[in-house]
Amino acid sequence: MIGLSLLDDLNDRQREAAETIDGPVLIFAGAGSGKTRALTYRIAHMVREKGIAPEHILAVTFTNKAANEMKERITRLIGDDARRLWAGTFHSICSRLLRRYGEEIGIAPNFVIYDEADQTALIKQAVSIADIDSQAYTPTRIRWAISSGKNELLDPQDYARARKGPFDEIVARVYSRYQQALRENNALDFDDLLVKAVELLRSRPKVLAALQERLRYVLVDEYQDINYAQYELVKLLSARERNICVVGDDDQSIYGWRGANVGLILSFQADNPNTRVIKLEQNYRSTQKILDCAHAVIRVNEDRAEKRLWTENGAGDNLVVYEAVNEEEEAAYVAGVVARQVRNSGTRYADYAVLYRANAMSRNLESAMREKGIPYEVVGGMSFYDRGEIKDLAAYLKLIYNLDDSISLRRIINKPARNIGEGTVSRLTQLAHSEGVTLFEACRLAGEESDLRKAQKEAVLHFYSMIRRLHEDAAAMSVSGIVKAVLERSGYTDALQASGKADDADRVDTLGELVTDAVKYEQSADEPSLGGFLERLALLSDLDKAEDLGSSVSLMTVHASKGLEFPIVFIVGMEEGIFPHERSMGDQFELAEERRLFYVALTRAQRMVYMSHARGRTIYGSPHGMIPSRFLKDLPPESIDCKFDADSPLMPRMFGDEEAAVRERTVLAGGIDITDVLRRARENSAAAAAQRQEPQTPPAQPSGGETVPEPTEAGKRKPAGATRKKAARSPAKQKKAASVQPLGTGTKVVHEDFGEGIVVSVDEKGDEPAVTVAFVAKGIKKILANHPKLKVRR
DNA sequence: ACAACTTTCTATAAA
DNA sequence: AGAAAGTTGT
Ligand SMILES: Nc1ncnc2c1ncn2[C@@H]1O[C@H](COP(=O)(O)OP(=O)(O)OP(=O)(O)O)[C@@H](O)[C@H]1O
């Protein structure tokens, strides 16, 4: 439909990237410069103009959602051929590879994928057998160590050889047992998917050759966050044709903690002779002020490739830094701004994202959103798929799919209660050991002859035949049919319904949703299968799992927001110990990564950013005083407005006895000196006041109007969340919004009844913005910002 | 074996 | 504060 103008949507540099299809290409550029778009169009161009069959192209993305959206966009550009493209995350691609070719290296095609909880459970077993002090060496720490070993492609022997201390010694021992246990369970953990895929390609030249023949063009997005195993995989696959195009930004490397190595993108050019390096400098996403702030933050880091971005989008509004009393008030502020803007400024809920450093911080935000009736969607954290009942159901499915999976078996053998307790399970384990059979087979043996009591024998045998029958029947059933059969035959639903508790009724509903999920899967998958469904369950990213971002406010971690964009972004919890996180504060490298993370957060925004920090916060149930994040200090003062809330009873004191206020607040904050907060607040109020004197200064309240960059195309990795046109606003709304504009902290005002005064704070929590004004004659009063008797004093 | 109660631990980030 | 783990009584 686009004809010859396919590449018209690209600038010159992007077009160069899209047209250079042979040999190594590195697209290296800052945030929002159109890297992903260049990649997408490059694929379309290859198929459409260069006649390359889509099945010869492999595109690796960071989430499956990104892969699907890329496919969809390419489908729009070139038609249904795009469906034959290979696109996905490293993990899903490896999983598919191993299902197909895994037997070559001894992996049965019905392997199951172990998630973190399964891994930890397995390590616990390995640790207990190995008689290791599990106090000093927690399963979690060992899991981390094993995982980082795997990311470097170290097998247990390599790990033992490279050990550096007593901890590594233990890890090496556990690692070896752990791998043994995985084999016995016919399971792979997340990291194994990569490790085994590399092993396959390295050791089976025929398989490698077949894949190289098929995958002649390899493209990788977000290359700054790949680990060594992934690097090796890409290298192997692209070794023959050497048509490898990678895209990334060293400033956005935020996954070092899980083994990603930013050096791999920095050395790409050296690694691949004749690499064409393409740098993109025009930013299409954000306002100049957002870019200024982002650059001011990231330039502090050393050892980075300097990239200066420019934009035609205009300056935009000043970014806002809000000081909240505590986390609740912070959340109320966010919800208040959203509610008011959606009401008054013609924005939509989907235009907003609230970003935070840690998943646990979503709680307050959620309740604030609920309170104001704002639709929201939490990405990641404790989601649908993490609920106990879903994991139970998944465990049933895994066991039915792979009868060797003892971890899943243990999980559900007594769910619902079947009178098979811990004691019985450990007897079964012993039996399995002594007879050299799987735990599942041990159930059958135990039912025939063993020292179990009659009731237990029957229960175990009954469980065995139930699973056995499901396993056999599954072959002829649809995925949703299997799911339903499990729920019925296991008695799981019955038990929940019989309990009569409200929570359990909710659980029944949740399980019903998984049935729906299975039906949807059947409809969308090319060849639906239980294995495919389980793979999806295991490998979907948090972002993939989230639904309906198109009509709600998105709540997610900064990590999850990578690659996305939103018109308006909130970044909450800008405090020392939170962002940067205290566990990163002791290490320069980790601190630099925290800074990059903040850079990523800022650069998600198209037209407005609100940052907030709380003076106090409840952590582990007890109150803590918080210091504003060091990153806030790096923001250019001329591009930000600071606000704080005078409703806190302490604030007015600042105008009288400031020292007392400081003392009082120091106590409030748990003994931590917050003088710095006050100093900064004063400075910024003064700066803001000074700025407001100048006529051309944009208003503090984002109007959703003039400075808004043009709406994006159907929208990046965020389908329905595109920006609204400004023309849609009614004159009445415009007038209303306009009258609110100039009242920021420090503004001098005059009131018909109260006389002259100065704005002490702006309250955005309510539906209508209110200001607290210190009147010279009448003292401090709180008034609606658009009150007709209130005027700005020139 | 299991429900109800008490104590301890927890919250980086994620496929 | 809330979840997980541990403990007690039936
Ligand atoms: N040539 C262009 N003309 C107009 N808009 C563009 C152009 N290229 C990209 N854009 C828009 O700019 C925004 C950012 O593009 P894109 O997501 O591709 O950037 P990116 O470099 O991948 O960003 P990030 O580094 O954050 O992942 C998108 O909304 C995209 O539609």
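Residue numbers begin at 1 in each chain, while the letters A, B, ... track the order of the sequences.
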Quiz item: Is K398(A) salt-bridged to D118(A), cutoff N-O under 4.0 Å?
Solution: yes
Quiz prompt | Comparing F190(A) and E594(A) on DNA chain B - which has the more 5′ nearest nucleotide | solution = E594(A)
Practice problem: Determine: side-chain N/O of N227(A) to OP1/OP2 of dA15(B), distance under 4.0 Å, yes or no. | Solution: no
Quiz prompt | Phosphate contact (dA15(B) OP1 or OP2) by N151(A) side-chain N/O below 4.0 Å | solution = no
Exercise. Answer with base, sugar-phosphate or nothing: what part of the nucleic acid does T424(A) contact at a heavy-atom distance below 4.0 Å?
Key: sugar-phosphate
Practice problem: May I ask you to check whether over 12 heavy atoms, not counting those of E328(A), lie within 6.0 Å of atom CD? | Solution: no
Quiz item: Looking across every strand, which nucleic acid part, if any, lies under 4.0 Å from A417(A) by heavy atom: base, sugar-phosphate, or nothing?
Solution: sugar-phosphate
So which protein N/O to nucleotides 4-8 of chain C N/O distances come out below 3.5 Å?
none

Exercise. Could you tell me whether the side chain of E422(A) has a donor or acceptor atom within less than 3.5 Å of a complementary atom in the base of dA1(B)?
Key: no
Quiz item: Quick one: on DNA chain B, does G423(A) or A560(A) contact a more 5' nucleotide (nearest heavy atom)?
Solution: G423(A)
Quiz prompt | Phosphate OP1/OP2 of dA15(B): any T63(A) side-chain N/O under 4.0 Å | solution = no
Quiz item: Considering only dC2(B), dA14(B), dA11(B), which nucleotide approaches the side chain of W144(A) most closely?
Solution: dA14(B)
Quiz item: Is R304(A) salt-bridged to D251(A), going by a charged N under 4.0 Å from an acidic O?
Solution: yes
Exercise. Decide, applying a 5.5 Å centre-distance limit and a 30° plane-angle limit (both strict), whether W257(A) stacks on dA13(B).
Key: yes
Quiz item: Checking R258(A) against Y255(A): charged group under 6.0 Å from the ring centre and within 45 degrees of the axis?
Solution: yes
Practice problem: Take D386(A) and K545(A) through the test salt bridge (Lys or Arg N to Asp or Glu O under 4.0 Å) and record every step on the way to the result. | Solution: CA-CA 11 Å; D386(A) 293 319; K545(A) 292 172 195 163; 5.0 Å; no
Exercise. Look at the side-chain N and O atoms of N359(A) and state whether any lies under 4.0 Å from the OP1 or OP2 oxygen of dA13(B).
Key: yes
Practice problem: With heavy atoms under 4.0 Å as the rule, sort E116(A) into base, sugar-phosphate or nothing. | Solution: base
Quiz item: Could you give the CZ-to-P distance, from R141(A) to dT10(B), as a whole number of Å?
Solution: 13 Å
Quiz prompt | For atom CD1 of I254(A) and atom P of dA13(B), their distance in whole Å | solution = 13 Å
Quiz item: Is a side-chain donor-acceptor pair under 3.5 Å present for Y385(A) with D517(A)?
Solution: yes
Quiz item: When we call it a touch if two heavy atoms are under 4.0 Å apart, what does F90(A) touch: a base, just sugar-phosphate, or nothing?
Solution: nothing
Practice problem: Determine, for D250(A) against R596(A), whether the closest basic-nitrogen to carboxylate-oxygen distance falls under 4.0 angstrom. | Solution: no
Self-check item: Sugar-phosphate only, base, or nothing, as touched by Q456(A) at under 4.0 Å among non-hydrogen atoms
Solution: sugar-phosphate
